[in-house]
Number of protein chains: 2
Amino acid sequence: MTKNFNFIDKLRKAGLRPTKQRVKICEILFNREKTFHFTINDLAKKISEELNEKISLATVYNTVHAFEKKGYLKEIAINGDKSYFDTNITAHHHFYDEDTHELIDCDQNDIDSINIKNNITGKKINSVEILIKVASDNQNQN
Amino acid sequence: MTKNFNFIDKLRKAGLRPTKQRVKICEILFNREKTFHFTINDLAKKISEELNEKISLATVYNTVHAFEKKGYLKEIAINGDKSYFDTNITAHHHFYDEDTHELIDCDQNDIDSINIKNNITGKKINSVEILIKVASDNQNQN
DNA sequence: CAATAGTTTAGAATAATTATAATATATAGT
DNA sequence: ACTATATATTATAATTATTCTAAACTATTG
Ligand SMILES: [Mn+2]
Ligand SMILES: [Mn+2]
Ligand SMILES: [Zn+2]
Ligand SMILES: [Zn+2]
């Protein structure tokens, strides 16, 4: 309850109208201890599980993209299939479990900072991210 | 001409039948000095430009995936929209130009090797890749 | 409260990719 | 070389992720 006022405030500060749907999605995304990595489908499923009311899929897309634009969420590319989003908006690296298709945050202390000795001329670096793909050790050796 | 025999051989060695379409795609992909980064659409366009005959889009998809499975191509994830492929199959990092949507190989000497101090328990690391997103320096400062 | 601008929604539209099933081709065995 | 078999190609349909549309709804401002 108190939390909801926080979300309404948060949305207002970002210039987003605190609609019922946006506040609900905030609750699902940000009322948690740990980072949440999800696809739009994951989120839509969670909404229909945890909520009595439905939110239109278009609204889920719109809201997630609105949050991304305002810096509440980050988009992570894993494959060409679908987009992952991340409630951890700091610069950080990921493990991607190819068995479970899960994204896991990499502890920043576990990787030394990356030094790029030569950038493309006339361009500015916007982000530097590592993706570590892992899989079960006992695999069928083709 | 001599090149084609190489491609036929290359395909045979990988257990792929050297069909007309596969050899043609080999020519387009591998008869070049520099790494080629492309989307299926890029490749399909090149095929229809450089060839007199058409190759069905399904065959382009099938062939690219067959080559990927055999290790002739690598898939690179940039965003959730579409897949990029890479004729440079060695482990390497990329710049992604957000203005032109171009992928550029990063010289291995320009980045020190990455040391991951803690892996996920019970999992084996399959790949470690950096994606450096760059954009024009003189941008609209929102 | 009324006006307005912004939001939600169902459903249509697009775009990337994959599946289907008929036809064609490559290859191994004769 | 001819035939049988497995595999590949193709046009087209189907699927999936995402975005668009336009009408109904709602938050904010005065
Ligand atoms: Mn997006
Ligand atoms: Mn693929
Ligand atoms: Zn993360
Ligand atoms: Zn490359």
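The structure displayed is predicted, hence computed values, not measured ones. Note on naming: letters A, B, ... go to the chains in the order of the sequence lines (proteins, then strands), and numbering restarts at 1 for each one.
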Using OP1 and OP2 only, check whether a side-chain N or O of [X] sits under 4.0 Å from [N].
| X | N | result |
| --- | --- | --- |
| B:Q21 | D:dT10 | yes |
| A:R12 | D:dA27 | no |
| A:H65 | D:dT19 | yes |
| A:Y61 | D:dT19 | no |
| A:T19 | C:dG6 | no |
| A:T59 | C:dT9 | yes |

Using atom [atom1] of [X] as one end and atom [atom2] of [N] as the other, report the distance to the nearest whole Å.
| X | N | atom1 | atom2 | value |
| --- | --- | --- | --- | --- |
| A:L16 | D:dT26 | CG | C1' | 15 Å |
| B:K45 | C:dA15 | NZ | P | 14 Å |
| A:E53 | C:dT8 | CD | P | 13 Å |
| A:I47 | C:dT9 | CD1 | P | 10 Å |
| B:K70 | D:dT7 | NZ | C1' | 13 Å |
| A:E68 | D:dT18 | CD | P | 12 Å |
| B:K54 | C:dA24 | NZ | P | 20 Å |
| B:N62 | C:dT20 | CG | P | 13 Å |

Nearest to the side chain of A:N41, which nucleotide is it out of D:dT28, D:dT12, D:dA17?
-> D:dA17
Selection from D:dT28, C:dT8, C:dT17 that lies nearest to any side-chain heavy atom of A:P18 | D:dT28
Want to settle it: does B:V60 or A:K20 sit nearer the 5' end of DNA chain D, counting the closest nucleotide to each?
->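 Closest to the 5' end, via its nearest nucleotide, is B:V60.
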Assign each of B:G80 and B:R17 to its nearest nucleotide of DNA chain D by heavy atoms, then name whichever residue's nucleotide is nearer the 5' end.
->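 Its nearest nucleotide lies further toward 5', so the answer is B:R17.
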For the atom pair OG1 (B:T19) and CG (B:L11), what is the distance rounded to the nearest 0.5 Å?
->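 One gets 7.5 Å once the value is rounded to the nearest 0.5 Å.
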Base, sugar-phosphate alone, or nothing: which one does A:D81 contact when heavy atoms must sit under 4.0 Å apart?
-> sugar-phosphate
In terms of ring plane angle, is the pair A:F67 and A:F30 parallel, tilted or perpendicular, where the classes change at 30° and 60°?
->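 Correct class here is tilted.
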Can you name the one residue among B:H37, B:H101, B:E102, B:K133 that meets side chain to side chain donor-acceptor pair (under 3.5 Å) with B:Y96?
-> B:H101
Is there side-chain contact between B:E75 and B:L73, with at least one heavy-atom pair below 4.5 Å?
->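 The answer is no; the side chains never approach within 4.5 Å.
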Would you check if there is a donor-acceptor pair between the side chains of A:N126 and A:K124 at a distance under 3.5 Å?
->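 Side chains of A:K124 and A:N126: pair found under 3.5 Å.
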Sorted by position of nearest nucleotide on DNA chain C, 5' first, the leading residue of A:R22 and A:L57 is A:R22
